[in-house]
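Notes follow the structure.
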Amino acid sequence: MAATGFHTADELNALLPGTLPGLLGLTITAHEPGRLEAALDVRPELLAPNGYLHAATVVGLADTACGLATRALLPEGSAGFTTIELKSNFLGTLREGRVTTVATNAHAGRTTQVWDAVVTAEGSGKTIALFRCTQSVLWPR
């Protein structure tokens, strides 16, 4: 992914069709440097066999929000980024409704960025998961 700077929510949404976030049905709802909001509607394809929202769906939402937000804070001349570490704490789940996340930057350095995301159930505001990831900034060789 090339270092491309800031994009509006609409511009970021245009990148999603044909990718995993597009398959999940993820939508970027707001973006400013250092902060991104995203959401997805819970549907049967996103559930685990036990009938609850699959953990991978939650991670996909949070990691995508953090990754897309990373683009706006990449240092000039960098070639892109990649996720090198992620951690999730699951505090709840859903069977239906809408899940939202807010990703915020905790550190934007020359070689790494650290992002936090809080995933919530839109209807109740209940926290579903806490997520943190580290992005490695890539440089041309």
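Keep in mind it's a predicted model, so treat the numbers as computed, not measured. The analysis underlying the following values was restricted to heavy atoms, covering all of them including side chains, and did not include hydrogens, waters or symmetry mates. Numbering starts at 1 and runs along the sequence shown.
From I28, atom CD1 reaches atom OG1 of T64 across 7.5 Å, with rounding to the nearest 0.5 Å. For the atom pair L61 CG and I128 CD1, the distance stands at 11.0 Å (nearest 0.5 Å). In this structure, N105 CG and R35 CZ are separated by 12.5 Å, a value rounded to the nearest 0.5 Å. Atom OG1 of residue T93 and atom NE2 of residue H54 lie 10.5 Å apart, to the nearest 0.5 angstrom.
Residues forming a side chain to side chain donor-acceptor pair (under 3.5 Å) with N89 (at least two apart in sequence, or on another chain): K87. Scanning for side chain to side chain donor-acceptor pair (under 3.5 Å) contacts around R95 gives Y52, with sequence neighbours left out. Listed by chain and residue number, R98 satisfy the salt bridge (charged side-chain N to carboxylate O under 4.0 Å, His left out) test with E122 (two or more places apart in sequence, or in another chain).
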(message) Please evaluate residues V118 and L130 with respect to the criterion side-chain contact (heavy atoms from CB on, under 4.5 Å), reporting the C-alpha separation (whole Å), side-chain torsions for both, the decisive distance (0.1 Å), and the verdict.
(response) CA-CA 5 Å; V118 177; L130 301 173; 4.0 Å; yes
(request) Decide side-chain contact (heavy atoms from CB on, under 4.5 Å) for L12 and L36; before the verdict, give the C-alpha distance in whole Å, the side-chain angles of both, and the deciding distance to 0.1 Å. (result) CA-CA 10 Å; L12 292 173; L36 187 139; 3.7 Å; yes
(request) Could you walk me through whether L68 and L16 pass side-chain contact (heavy atoms from CB on, under 4.5 Å), step by step? (result) CA-CA 10 Å; L68 290 174; L16 302 182; 4.1 Å; yes
(request) Show your working on side-chain contact (heavy atoms from CB on, under 4.5 Å) between T83 and Q135 and close with a plain yes or no. (result) CA-CA 4 Å; T83 303; Q135 306 290 355; 3.0 Å; yes
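Between L15 and H7, the closest side-chain pair of non-hydrogen atoms is not below 4.5 Å. F6 has its side chain out of reach of E11: every pair of non-hydrogen atoms, C-beta onward, lies at least 4.5 Å apart. Contact check for L86 versus W115: no side-chain heavy atoms found under the 4.5 Å cut-off. You'll find the side chain of S88 stays beyond 4.5 Å of the side chain of V58, heavy atoms only. At least one side-chain heavy atom of Q113 sits less than 4.5 Å from a side-chain heavy atom of L74. A 4.5 Å side-chain heavy-atom check between T120 and V102 finds every atom pair outside the cut-off. Inter-residue side-chain proximity for T127 and V119 is flagged as unmet; no heavy-atom pair is nearer than 4.5 Å. Looking at V114 and R132, their side chains come closer than 4.5 Å, going by heavy atoms from C-beta outward.
T29 and A38 get closest at one heavy-atom pair: OG1-N, 3.8 Å. Looking at every heavy atom in both residues, I84 comes nearest to S136 through CG2-CB, 3.5 Å. Residues P33 and A72 share a closest heavy-atom pair of CA-CB, 4.5 Å. Residue L94 comes nearest to V42 through the heavy atom pair CD1-CG2, 4.2 Å, listed as atom of the first residue, atom of the second, then distance. Residue V137 comes nearest to G109 through the heavy atom pair CG2-O, 4.1 Å, listed as atom of the first residue, atom of the second, then distance.
Linking Ile, Leu, Val, Met, Phe, Trp and Tyr residues whenever their side-chain heavy atoms come within less than 4.5 Å places L40 and L20 in a single cluster. Linking Ile, Leu, Val, Met, Phe, Trp and Tyr whenever their side-chain heavy atoms come within less than 4.5 Å puts W139 and F81 in one cluster.
A donor-acceptor pair under 3.5 Å is formed between the side chain of R43 and the backbone N or O of L24.
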